[in-house]
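None of the values given here were measured: they were computed from a predicted structure. In listed order, ligands and their atoms are each counted from 1.
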Amino acid sequence: MSCLLLTSSFTTTTHSKPNTFKTRTNKNRGLRVSCNKTPTNDDNQIILPETQKLIMPNVVDRRDLLVGLGGLCTAGNLSSLSSALAIPISTPDDITSKCQDASIKSKGDIKRTLKCCPPSLGKTVKPFEFPKGETVRMRWPAHEGTNEQVDKYKKAIQAMRALPDDHPHSFKQQASIHCAYCNGGYTQVVGNGFPDIKIDVHNSWLFFPFHRWYLYFYERILGKLIDDPTFALPYWNWDDPSGMQIPKMFLFDENENNPLYDDFRDKRHQPPQLVNLALKPNQDKDLSNDQEKCNLFTVYRDLVSNANNEIDFFGGKYVAGAGPNDPKPSTGSVERSSHTAVHLWVGDSSLPNREDMGNFYSAGYDPLFYVHHANVDRMWKLWKDLRPGENVEPTDNDWLNASYVFYDENQDVVRVYNKDSVDIRKLKFDYAKSDINKVAWRKSRPRRRDTNEQAPSLPVVKSVNEETFPVKLDKILKYRVTRPKRTNDQKAADCKELLSINGIKYRGDKFVKFDVFVNDKVNTKDDKLPTPCDPEYAGGFAQVPHCESVMFMVSAARFGLDELLEDTNTKGEEYVVVALVPRTGTEDLTVGEIKIELCPVV
Ligand code: C2O
């Protein structure tokens, strides 16, 4: 168990379970302080940086922290403990000297540098201020840009490329931000907190806010470079049939040295190929023309059926002290699906590290990365618009107060918090052509199975209770999983039935993908597996290679079952048949648990 569960067990009473106080034995934890030190010993105090003062008392007794984290010592003072434990992830104030070279486990040539730390201009960190009196920057669909928009955008990128490498606004430095935050540039120092544990902004609830801030400054820097305070980024509108190809302006052009072109891309995936949002196998061989429809299903799953609450959408709780080997609750629905698919589809699969987009250390070197992420960010807005007031950001302080440090457009160093990222009107940007009632995928729920095509009953397979977990995903795994019975107060429509795949342990340096099908082979007419275009597809779990120093990473994924069971005509069954289908990089992947939950507490 990670310390985040411990946090809630101290600060709330309802979730208090005795087994949350288990002793930790994880050696990656970076806590090596003995319990016997005297209270006055300086080693026991965590000194927080200036900018953290609002969140926590400046000095926290490290031994209290230890009690909560490991149950190693006797809990003396629970009230100081509860405040001590609330440590959101924070980038150190000094982003240069506290940064270390990134690392990847390369299987060959490295195309980009691993020296990803930002330059120092000797400035101290400033608090963030919302822009005042500005017009809203209206981000536009990349395939529909006017000549003027495209020209401006190219000029801005050209100007960025022309800056010297050690300028904080240079193309290289902007790309390096991603590398530093994703490939181990920063550790969870927060004073002397967890200097051995690296920060990772992926596979957790930091994913959306971190990337929103990253683009926020990137866009403002580009605007400044061409002296245009209204400059707005394009977004790659891959969720619309008209925008599913790589937008034309990013392609190679022999008449022009196109600043938007990047050579490290998969040459097979030029227009007219459509992006493959579920990484459907054999896209290149499959001549059937259902890619477009299938993509819309994927976006629908990512934003609707698999995104019923903030944890499903944003990803699981991640706070200081949680290392890459600790089980994280889950990776968000968009992140592990369409987001990852676009990275891998664009990156050059003929290179061992799939530069640029196919590896986190290099992704920022392709201008497409930022327009892809603008659309990912737009998904956040659209998800909120789907159910206003219900689809909302986490309200946990550990989410609200997580923070990062960026160079802004004035070359000042600014600390920004998740809590300030939620309202894009205050950040003065928005998305054109993004009316939630007009988006193409809004009604793209997969078509219901024709009952005539179905076998009368589900196939008989092993029960999940007969398996010894963790189990290796080196072949297709199929289990019967019993569904919890709904009590009367769980009948409500907002009590969702969720399939959780927990303890997914995988090689962080590999491109990893597996698919999850529920009640497949209901269609018994042929012996083929269903595809991501079928209603039996619950979703996928895909990972961009990025991690290095730890071989294995752990995550989890949650899938909504309500619509799926309806669409496969299996709503009345007592159990479901879950199939995990390995696709890529799963040779040493293991799964720790498969279960179905009703209206899980988030
Ligand atoms: Cu930081 Cu698309 O990843």
Residue pairs passing the salt bridge (charged side-chain N to carboxylate O under 4.0 Å, His left out) test where at least one lies in residues 163-185, sequence neighbours excluded: none
Partners passing side chain to side chain contact (heavy atoms under 4.5 Å, CB included) against D408 (at least two apart in sequence or in another chain): F217, N410, D412, V414
Environment of atom 2 (Cu) of ligand 1 in terms of protein N/O/S atoms, cut-off under 2.8 Å: H339 NE2, H343 NE2, H373 NE2
Lys NZ or Arg CZ of R139 over Y218 ring: under 6.0 Å, within 45°: no
Between S349 and R268: side-chain donor-acceptor atoms closer than 3.5 Å: yes
Pair listing, salt bridge (charged side-chain N to carboxylate O under 4.0 Å, His left out) test, anchored in residues 348-359, at least two apart: R112-D356
SB check K267 D263 (cutoff 4.0 Å): yes
